[in-house]
Every structure is written in C-alpha cells, then in structure tokens.
There are 2 protein chains.
Amino acid sequence: MTRKRVSIPTPAPEPTPAPSIPRKPTMQDVANVAGVSLKTVSRVVNNEPNVESATAARVQAAIQEMGFRRNEIARSLRPGQTTSTLGLVTEDISNPFYSSLARGIEEVARGRGCLVIAGSSEEDALREKELVNTLLQRSVDGLLVVPAAGDHTYLNAQRISEPVVFMDRPPEGIQADMVLLDNRGGAYQAVEHLIARGHSRIAFVDGHPYVHTGLERMNGYRQALAAANITYDRSLVVVGCHDPQQAEQATLNLLKLPNPPTAIFATNNRLSIGVLKGLTSSGKWLDLAGFDDFELADMLPFEVTVVRYDTIQMGRVAAEMLFARLDGDTSPPQTRIIEVEVVVRGPGRVGLPSGY
Amino acid sequence: MTRKRVSIPTPAPEPTPAPSIPRKPTMQDVANVAGVSLKTVSRVVNNEPNVESATAARVQAAIQEMGFRRNEIARSLRPGQTTSTLGLVTEDISNPFYSSLARGIEEVARGRGCLVIAGSSEEDALREKELVNTLLQRSVDGLLVVPAAGDHTYLNAQRISEPVVFMDRPPEGIQADMVLLDNRGGAYQAVEHLIARGHSRIAFVDGHPYVHTGLERMNGYRQALAAANITYDRSLVVVGCHDPQQAEQATLNLLKLPNPPTAIFATNNRLSIGVLKGLTSSGKWLDLAGFDDFELADMLPFEVTVVRYDTIQMGRVAAEMLFARLDGDTSPPQTRIIEVEVVVRGPGRVGLPSGY
DNA sequence: TTGTATGCGTTATCAA
DNA sequence: TTGATAACGCATACAA
C-alpha cells in the first residue's frame, strides 16, 4: 500500500523514532499540508486546468513553505516522458575547441529546457563507448559525440534508439548526422594564399596522419598546389607531430634541407605554435599559415595566416540537428559543413576579424 | 497489478496492435527471455552472489542479445540510492578558466563513478538560482558553483540538503566550503617583482571594482607598495575595464599622464592583452605584469610577468571537498587556497614553467 | 539458489 | 473540481 504521510501539520512520531533525517518534501507531503490529494498538487505544479483558485493558492503556499521541488527523476520515469538531458562526449572538455562546442550546444539546449551531461573520452575508443553507455543508462534524450578513432558500429546495432550527432570527425562504420569543418577548403585557401604571396615550396606539418581532419587538410594542400601547377614534394611533408615540441623540431629539420621550404602550412594551432618557436629559435622567418586561430596572434612580431571558424556556432548547429531528430525528423543522415575563413594576423593588424 | 510481459521467447501480440515502437528492454524483459525472475536478473546485473553460474550465463546471454542497459533513472529513485551526478554552475563553460575547472572536477568525479551536469549562469544571479534549482530537481548528489554576484542565502534556508562547494569567489551571505586562488598573494608577488626591477610608479588596471578577486588583487597591490614604502597613487589606478578594448584605452590614457607609470599590473589576462595592445600601438614599452597566464606569451616580442596557477587542480580540489562531504564529513565549512606562482614569460624563455 | 511483494515520487486514467 | 489507484523500472526485504 502507498505510504500516506500524516496529514496533521505537526508530524506524528514515526513508528521508528528517526525524525532527525529530514526527507525532501514530496507531492504527498505537500498534499498533506495543504489538505488536498496528491493529484491536486500535481495539477498545480504542472499548471493543469480544473483547479479552483483558492485550492491552488493553498497548494502554492504549502509548496513555498516546505521548499518543495518536483523530483524530475521520478517524473521522467513515467513512459513517454523525457529527461530533457543531452549527453556530450568530447576528447577533453578543457580544450577550448571542445568547450566552445559545449557552449554552443548548451545555448541551444537551454532554449529547449535541456541540460547537458558532459564527459571526456580521452581520445580512447573504449572510454568513449563506456561513456555513451553510461549516458544512455541515464536516459539522455540524445547524444552529441566527437568520435574517437575506432569502430562505431556498436551504435548501429539498432540497440540505441536515441539520436546521435557527430561533431568534427565522421564516425567509422556508420551513417549518421554530423557537423564538420570545411577542412579541405580551409587548407586550400590558406595554401592558395601562400602561393599568391609568391611561394612555391610550401611545407606541410601535420599531426596524426590518419585522422579525418588531417587527411582533409592534406587534400586541400595538395589540391591548392595542383591548381597552381606546383609539384607535390614529399620531402616538404612532415606528419606525426603530436605536440608543439615535435613541430618545433620538424621546423628545424625542414630549415636544414638542401632545398628548404619558403613557407609552412601547419594543420592545427598547437603545431603552429611549435613552428613559430622553431622559426624564432632558428632566427629565420618563413611565411606561416595554420589551421585554427589563436589568441594573441596579433601581438606576434610577424604575420601569420590562420584558418578560423566559429566553434560555438558549430556546437549550435550540432544541437539543432539533434533537436530536429528529437522533433521527429526521420530524413536520411545529414552532414553540415561549417564555413571557415582565412585571415592574416600579426603586427599592425588592428582589432579582430569581423565576427570575432 | 504489475505488468508481466509474455514469457515465451517470441513476443505474443499485444492487445493493442502497436508493435512498431520498440521499447527499451527492461529487467523484466530479460527475465522473460532468460526464463528467470526479475530478481535474478537484478542479481546478475549487480554482481550479487547466490546465482548459479549456469543461470547467470543464461541471463548474461539474454542481456547481450537484447542490448539491455540498466535504467539508472529508475535505480536512483529508490530510497538511499544516489544519482552519481554532480551539478556544475559556472559563468560560461567556453571560458578556458571554467572549462579547466570542469576538467579537474570531471577527473575526480570519474574516479568515483560520477558524471557532471554543467550549466552556465552568464554571471546572472537569477539564472544561477534557476540553474541550481533545476540541478537539484534532477537529484544531483552535490553542487559545485562559481557564484555570481548576489545574495546566496537562498541556499541556506535549510531547504537544500545537498553539499555545495563554491569556487573562485565566496558566496554572499552564507558560510560554505570554497576553493579560492591566492589572489592577494599573487598580486603581491607580481607587484613585488616589478618593484624589484626598479619600478615605483606602477599602474593598476582592473575590471569590475567590487568583485572579490579584484578586491583581493588590489589588496595585494597596495600591500606590496606599502611594504616597499611606495605611496599609493590614486591616479595610477584604473578600474571598470570590462574588456581588452577598455584596457587598451586605459593604457593610452595612463601613458598621457603628466607623471606616467613605468610599469603596469593588470588583474586578469584579458586586460593584459588590452594593455599589450595599447603599449604596442603607442610604440612605448613599460614593464607589464598580469594575473593569469596566457598562451603564446613566450612568443611575444617583450617580457611579461604573469601570475599563474593550476586551474585543473583547483577543480580537483573542489571536487574532493565535495566528495568529502558526501562521504559524511560534517566539520565546519572550509576554505582551500590554491597556490599561485609568478613567472616571467617572453622572448628567450625556453619551454614552459615547471608543472605546466 | 531463486522468486514474490512492495514502494521510490511522479503522471495518467478514470471514477466520484 | 477533486481524488483513488495503477503503473514507470528497479532494488530491497523476506519467503520459498
């Protein structure tokens, strides 16, 4: 039988004398104090019609007095109810790229009354899978995932009914909604820019060689070279730089080549920083272009060309795609591309590029 | 009566012919398929003893086959159960300071099997209050809050039983656990450093004049001056700079003073950047010290002294304080101070300071 | 070793 | 306009 808490204002002593632990008030508690039924309280809380205003006022007073808060956990247990919660899986939330994504997602989610549960995968496929599982166990309404390298077919096994939107990189092995940067176009434009400045020996400094973003940026690089009838020179390509230190060393090595480059394209901002350090320490200066903008670029003692984009907007777009699915969109998986722009940063540049 | 789903392997048609919407499998569904009772499935899922290995294997097989995932929402509804979820309220998750806090919190939370629900208050007291309320409605086990300006006694009204740890700034009107930076000490050391370099006219560029961190940094500034018998000069103090542009303008104004400063202390990194721009555009160079480290500082064409600290560690400490409360610590509210260090950044500096 | 009954706090159904 | 009652999916106490 359902527990009925005492309906007199002062609680009668429980059978077990343990009154010192104050439970959170429930609708039943409010109902007892207000002298109505549980259902009436529910009606008031949910602004349902058919409650006499005097009754509603009495209930409201009790709610205020007792500090009642509806238990969303219990509410969402009912069939057909949602948790109004989205799950977010990134590599590392302290990375500004991912935290900006989170920001955009949160903005859109807030507009829909949703909160975001976030977790970091550490770029580990197993950890990502566990995280997705954990989030699904908590009945998130949908998932936003920056996929780690590795197979994602586990999401496909028609076991998961919640919509998923991937960000930044496509998942392996499944068709799904995703939001990507225009990696190829950005690299193309940046290299084209270097070519327009008269360079024909342009080095390419990359991180992990098999990551989608890196491959696409490489494609853009090669296409820009080809469009200008510049022969692709394998000796100017360095891959596998995983931190600024390695990019710095790679830069020094490039400078020592018999026929060194006259410009460098770096595929992300951490590598750009390493290249900058290498150039600085060697005392030479080559034209540099890099993917990703970075803070303080205008304060540098030399010009740097960067490929920039609106990461927060990328998060917004991803969240909007997810909500479209939650709203019933059953069209085939879609890919949205976020535009990028090439901007020259460096001394004498006043202010920030438009839209920043 | 409890719904009992059919116990034959092939589901019999429901009374209502709506088989096209696949429900998520429940323990009861698994039990039906495995031919055991719900409780036995529960035992297997929770690794309880007293299950014959053959039975357990049958249940495991059914779980795999059906893609069963325990519903954590339902589990946490039972009395005495927690949600293993922490609530995090910051001003803006895309701000690297807050996302680093989030990262440290997440690390510790993960070690305890907890996830983090994050929300941004936009530095708005009302929004913060709503966010706290929303998080409590979702039965978070505890809260981590960067308090917006405004009264926080609403948390005190003995209505909330969950522990709260404040970060970066103390809440107003209540006693609670908190983790703060050594704002005063950092400012003191930075100004002391400028004094040691021979400066006695040191400007102070600040943001909002009544924020705790700003006040403490001002205290450190004044104490360092006093310790060196330097008279506090009101004309060198600029407050109310809310963005780099205003700090840039403030710098230009300072340079135009009849008796201008020879060094500047900026109370946060956004203001430092503004000051840097002001100095650059004016073509003059003063010694600069600032609170908060910033990326690329070593690439600048001049030296900058920064007050740096480990934000991720700050998040870890906050989370550990929260878990201590969740573990039953009922000692009086505590304040933990995160140490800071003064580091000179700029040309010729090789690598990063230790611990970075 | 396994199963039955009950209730967590809410919403939905249906009756009063 | 109100209220009694039955789920939701799980875990807990207790029985078999």
Side-chain angles (χ1 to χ4, degrees), chain A residues 1-5 7 14-16 21 23-32 34-59 63 66-84 136-139, chain B residues 1-5 7 14-16 21 23-32 34-59 63 66-84 136-139:
Chain A
M1 200 188 67
T2 304
R3 165 186 57 94
K4 288 275 161 117
R5 289 169 194 157
S7 58
E14 303 277 337
T16 50
I21 302 165
R23 262 182 310 87
K24 290 194 199 179
T26 70
M27 280 194 181
Q28 181 65 60
D29 297 328
V30 174
N32 292 346
V36 296
S37 81
L38 189 163
K39 178 59 196 174
T40 297
V41 177
S42 174
R43 274 190 259 262
V44 172
V45 167
N46 295 303
N47 291 315
E48 288 176 33
N50 297 331
V51 180
E52 202 181 341
S53 61
T55 312
R58 226 167 53 242
V59 170
I63 286 175
M66 307 173 74
F68 167 78
R69 258 185 293 266
R70 178 173 63 181
N71 184 328
E72 290 293 324
I73 295 283
R75 191 190 63 80
S76 65
L77 190 56
R78 299 306 317 282
Q81 302 278 352
T82 69
T83 56
S84 295
L136 290 176
Q137 289 187 169
R138 291 173 192 235
S139 304
Chain B
M1 196 189 68
T2 305
R3 164 188 57 94
K4 286 275 161 114
R5 289 169 194 155
S7 58
E14 303 277 338
T16 50
I21 302 166
R23 261 183 311 87
K24 291 195 199 180
T26 70
M27 280 195 182
Q28 182 64 59
D29 297 328
V30 174
N32 293 346
V36 297
S37 79
L38 188 162
K39 177 59 200 175
T40 297
V41 178
S42 173
R43 274 189 259 263
V44 172
V45 168
N46 296 303
N47 291 314
E48 288 176 34
N50 298 331
V51 180
E52 205 182 340
S53 59
T55 311
R58 224 168 53 244
V59 171
I63 288 176
M66 308 175 72
F68 167 78
R69 259 185 292 267
R70 178 174 62 181
N71 184 328
E72 291 292 324
I73 295 282
R75 191 191 62 80
S76 66
L77 192 56
R78 300 301 318 280
Q81 302 278 351
T82 69
T83 56
S84 295
L136 290 175
Q137 289 187 171
R138 292 175 193 233
S139 304

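Just so we're on the same page: letters track the sequence lines, and every chain starts at 1. These numbers were taken from a predicted model, which means no experiment stands behind them.
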A.B. asks: Rounded to whole Å, how long is the line connecting atom CZ of Arg58(A) with atom C1' of dT2(D)?
C.D. replies: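 In whole Å, dT2(D) C1' and Arg58(A) CZ are 11 Å from each other.
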
A.B. asks: Can you find a side chain N or O atom of Ser37(A) that sits less than 4.0 Å from OP1 or OP2 on dT2(D)?
C.D. replies: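 For dT2(D), neither OP1 nor OP2 has a side-chain N or O of Ser37(A) closer than 4.0 Å.
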
A.B. asks: If you pin Leu38(B) and Ala74(B) to their nearest nucleotides in DNA chain C, which one's is more 5'?
C.D. replies: Leu38(B)

A.B. asks: Which whole-number value in Å describes the distance from Arg69(B) CZ to dC10(D) P?
C.D. replies: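 So the two atoms are 12 Å apart, to the nearest Å.
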
A.B. asks: Distance check, rounded to the nearest 0.5 Å: Lys39(A) atom NZ versus Gln28(A) atom CD?
C.D. replies: 13.5 Å

A.B. asks: If you look at every strand shown and take non-hydrogen atoms under 4.0 Å, does Arg70(A) touch a base, only sugar-phosphate, or nothing?
C.D. replies: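 If one applies the 4.0 Å heavy-atom cut-off, Arg70(A) turns out to touch the sugar-phosphate alone, with no base involved.
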
A.B. asks: Identify, between Ala56(A) and Ser42(B), the residue whose nearest nucleotide on DNA chain D lies closer to the 5' end.
C.D. replies: Ala56(A)

A.B. asks: Which part of the nucleic acid does Arg78(B) contact within heavy-atom distance under 4.0 Å: base, sugar-phosphate only, or nothing?
C.D. replies: base

A.B. asks: Just how far is it from atom CZ of Arg138(B) to atom OG1 of Thr83(A), taken to the nearest 0.5 Å?
C.D. replies: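 It is 6.5 Å, given to the nearest 0.5 Å.
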
A.B. asks: Among residues 44-53 of chain A, which residues get a heavy atom nearer than 4.0 Å to DNA chain D?
C.D. replies: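 Heavy-atom cutoff 4.0 Å gives Asn50(A), Val51(A), Glu52(A).
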
A.B. asks: Between Thr40(B) and Val51(B), what is the shortest heavy-atom contact and its length?
C.D. replies: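 Thr40(B) and Val51(B) have their closest heavy atoms at CG2-CG1, 4.4 Å.
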
A.B. asks: Taking atom P of dA11(D) as reference, at what distance in whole Å does atom CD of Gln81(B) sit?
C.D. replies: 7 Å

A.B. asks: Heavy atoms only, 4.0 Å cut-off, all strands: where does Ile73(A) land among base, sugar-phosphate and nothing?
C.D. replies: nothing

A.B. asks: Whole angstroms only, please: what is the NZ-P distance between Lys24(B) and dC10(D)?
C.D. replies: 10 Å

A.B. asks: Go through the structure and list residues passing side chain to side chain contact (heavy atoms under 4.5 Å, CB included) with Glu52(B), not counting sequence neighbours.
C.D. replies: Thr55(B)

A.B. asks: For a quick test of reading the model, state the closest non-hydrogen atom pair linking Arg43(A) to Asn50(A) and the distance between them.
C.D. replies: CD-O, 4.2 Å

A.B. asks: Quick one: Gln137(A) CD to dC8(D) P, roughly how many Å, whole number?
C.D. replies: 20 Å

A.B. asks: Supply the atom-to-atom distance Ile73(A) CD1 to Arg75(A) CZ, rounded to the nearest 0.5 angstrom.
C.D. replies: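 Between atom CD1 of Ile73(A) and atom CZ of Arg75(A) there are 10.0 Å.
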
A.B. asks: So Glu72(B), base contact, sugar-phosphate only, or nothing? Heavy-atom distance under 4.0 Å.
C.D. replies: nothing

A.B. asks: DNA chain C: Pro79(B) or Lys39(B), which has the more 5' nearest nucleotide?
C.D. replies: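 It is Lys39(B) whose nearest nucleotide is closer to the 5' end.
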
A.B. asks: Rounded to whole angstroms, how far apart are CG on Leu77(A) and P on dG7(C)?
C.D. replies: 17 Å

A.B. asks: Atom CZ of Arg75(A) and atom P of dG9(D): how far apart are they, to the nearest Å?
C.D. replies: 15 Å

A.B. asks: Would you mind reading off the distance between Asp29(A) atom CG and dT10(C) atom C1', rounded to a whole angstrom?
C.D. replies: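 Taking CG of Asp29(A) and C1' of dT10(C), I get 13 Å after rounding.
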
A.B. asks: Checking all strands, does Thr55(B) fall into the base, sugar-phosphate, or nothing category for heavy-atom contacts under 4.0 angstrom?
C.D. replies: sugar-phosphate

A.B. asks: Using every non-hydrogen atom in the two residues, find where Met27(B) and Leu38(B) come nearest and quote the distance to one decimal.
C.D. replies: CB-CG, 4.2 Å

